[in-house]
Structures are given as C-alpha cells and as structure tokens.
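All remarks here apply to the structure that follows.
Remember, it's a predicted structure, so these values are computed and weren't measured experimentally.
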Amino acid sequence: MSTTSILVLALAGLLLVAFSSTALADTCQPSGTLESPATGHTCDECCKPGHVYPTYQCSPPVSRHTKAVMTLNDFSEGGDGGAPSECDGKYHNNTERVVALSTGWYDKGKRCGEYIRINAKGRSVLAKVVDECDTLHGCDKPHAFQPPCPHNDVDASKAVWDALGIFGDEVGDFPITWSDA
C-alpha cells in the first residue's frame, strides 16, 4: 500500500470519528422528569396518576428534512389544546393549517407566525406555527392535564392531516419530516 493510500485512509478515519462525535453531540437528551400527581384528572390523553414523564429543554437540530412525530391537536376553544395559542392568544379552527412545535423548535416564540413545510406520504403542506407543545411542563389544568410533549413533536390541526391525506387509523403518532418554509 502506498503512502498516499495510507494517508487517505487515515484522513477518512479521522473524519468518520469527528462526524460520529458531532452526530452524538446533536442528540437531544432528557433534561429532567415530571411526576404526575397521585390523583387527578382522568381522560384518554391525560397524565397517568403517579407516572414519571421525561422533560426536554431541546429538540433535534432543524434541517431540510427534520424527522418528527406528528400528533393531532384541536386548537379550537374547548379543544384538547387547552388554552389559546401562545403566539397570538387566539383559538384556531380545525380548518386552519396550524401547528404547535416542541419547546426546542418553538425557540421561545421565534417561529411564531412563520410557516413550516411538512412532508408525509409523498405529499407536502405548509402550516403556520401558532403554539408551543411544552416539553417541560404538563399534567395540570393549563396543559389540559396532558403529559409534557416529546422533544420531536409537531402537533397539527385536522386540516394539516387532511391535506397530507392521512385519515382514519393512521391518525395518531405519524412519522413526518419538516423544515422551515
């Protein structure tokens, strides 16, 4: 093997190690836990009494194809979203293409009013960011007694699901990619 070949292999090895370390450093890990009260509100989506939930201050890095899990949210008054949206203090109809992003992606409101592009099932849709899906708090009335959101959640209105052609049994936790529009 020539000296050039050995140098190329050594350089490739160094790049592989550097890339692996960077990829691991980008992983969002839990920042703490939240214990649900021993007794409390009961519903299908509510915190389970005495259960411990992970909390996150971060979300995975945003790219042109950020992997996420899309969940269904009712942003209307009385819906499972609880309070009015953080960005504008308003409720939104289920016919509007709106989303709430996990705390890290919400970025202290910096994405408020901005549009994101969501991709799933070979389709793409634009949706407006109107709220935060809180990854640090939950299990209380302001959070509709729901657990903290996962760190990689895009909580979407029914209009977003419909535009992506996701219906019936597929609605729930659906893998998507998204990017800033």
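You'll find the side chain of V69 stays beyond 4.5 Å of the side chain of P150, heavy atoms only. Inter-residue side-chain proximity for Y53 and S36 is flagged as met; some heavy-atom pair is nearer than 4.5 Å. Taking 4.5 Å as the limit, every side-chain heavy atom of T103 sits out of range of all side-chain heavy atoms of Q57. A heavy-atom distance below 4.5 Å is not found between the side chains of I116 and E114. Residues V99 and I118 form a side-chain contact, since some pair of their non-hydrogen atoms from C-beta on lies under 4.5 Å apart. I166 is listed as a side-chain neighbour of M70, based on a closest heavy-atom distance under 4.5 Å. Side-chain contact between V125 and R97: present, with at least one pair of heavy atoms (C-beta onward) separated by less than 4.5 Å. With a 4.5 Å cut-off on side-chain heavy atoms, K67 and N152 do not count as touching.
Of all non-hydrogen atoms in D131 and C87, the two that sit nearest each other are N-SG, 3.8 Å. Minimum interatomic distance between R64 and S179 (heavy atoms only, all atoms of both residues): O-CB, 3.4 Å. Nearest heavy atoms, C47 versus Q146: SG-C, 3.4 Å. Taking both residues in full, the closest heavy atoms of P175 and D173 are given as CD-O, 4.1 Å, listed atom of the first, atom of the second, then distance. Smallest separation of non-hydrogen atoms from W178 and A68: CD1-CB, 3.8 Å.
Between K128 atom NZ and H92 atom NE2 the span is 6.5 Å, to the nearest 0.5 Å. Atom CG in N94 sits 9.5 Å away from atom CG in D162 (nearest 0.5 Å). Atom CH2 of W161 and atom CD1 of I176 lie 8.5 Å apart (nearest 0.5 Å). Here the OH atom belonging to Y56 is positioned 11.5 Å from the CG atom belonging to L136, to the nearest 0.5 angstrom. To the nearest 0.5 angstrom, D134 atom CG is 11.5 Å from D153 atom CG. Distance check: N73 CG to K158 NZ gives 14.0 Å after rounding to the nearest 0.5 Å.
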Inset, instruction - Begin from the C-alpha positions of C149 and C133 and carry the test disulfide bond (SG atoms under 2.5 Å apart) through to its verdict. - result: CA-CA 6 Å; C149 288; C133 195; 1.8 Å; yes

Inset, instruction - Determine, step by step, whether V98 and S85 satisfy the side chain to side chain contact (heavy atoms under 4.5 Å, CB included) criterion, reporting the C-alpha distance in whole Å, the side-chain angles of both residues, the deciding distance to 0.1 Å, and the verdict. - result: CA-CA 10 Å; V98 294; S85 297; over 6 Å; no

Inset, instruction - Please test S76 against D74 for side-chain hydrogen bond (donor to acceptor under 3.5 Å, both in side chains), starting from the C-alpha separation and ending with a verdict. - result: CA-CA 6 Å; S76 66; D74 181 349; 2.5 Å; yes

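Checked by atom type and distance alone, the side chain of S157 pairs as donor or acceptor with a backbone atom of E96 at under 3.5 Å. Under the 3.5 Å distance criterion, the side-chain polar atoms of W105 are left unmatched by any main-chain donor or acceptor of E132. Panel note: side chain T135, backbone H151; no donor-acceptor pair is recorded below 3.5 Å.
L101 and L164 fall within the same hydrophobic cluster, where Ile, Leu, Val, Met, Phe, Trp and Tyr residues are linked whenever their side-chain heavy atoms come under 4.5 Å apart, directly or through other members. Hydrophobic clustering places F174 together with L72 (ILVMFWY residues linked when any side-chain heavy atoms are closer than 4.5 Å, directly or through intermediates).
The 12-atom threshold is not exceeded at NZ of K90, counting heavy atoms of other residues, nucleotides or ligands nearer than 6.0 Å.
Every residue was checked against the ring-ring contact (aromatic ring centres under 6.0 Å, His included) condition with Y91, not counting sequence neighbours, and none meets it.
Screening residues 112-144 for ring pair (Phe, Tyr, Trp, His ring centres under 6.0 Å) gives no qualifying pairs among residues at least two apart or on separate chains.
The only member of P148, P147, P30 that meets side chain to side chain contact (heavy atoms under 4.5 Å, CB included) when paired with T55 is P148.
By the SG-distance test at 2.5 Å, a disulfide connects C28 to C58.
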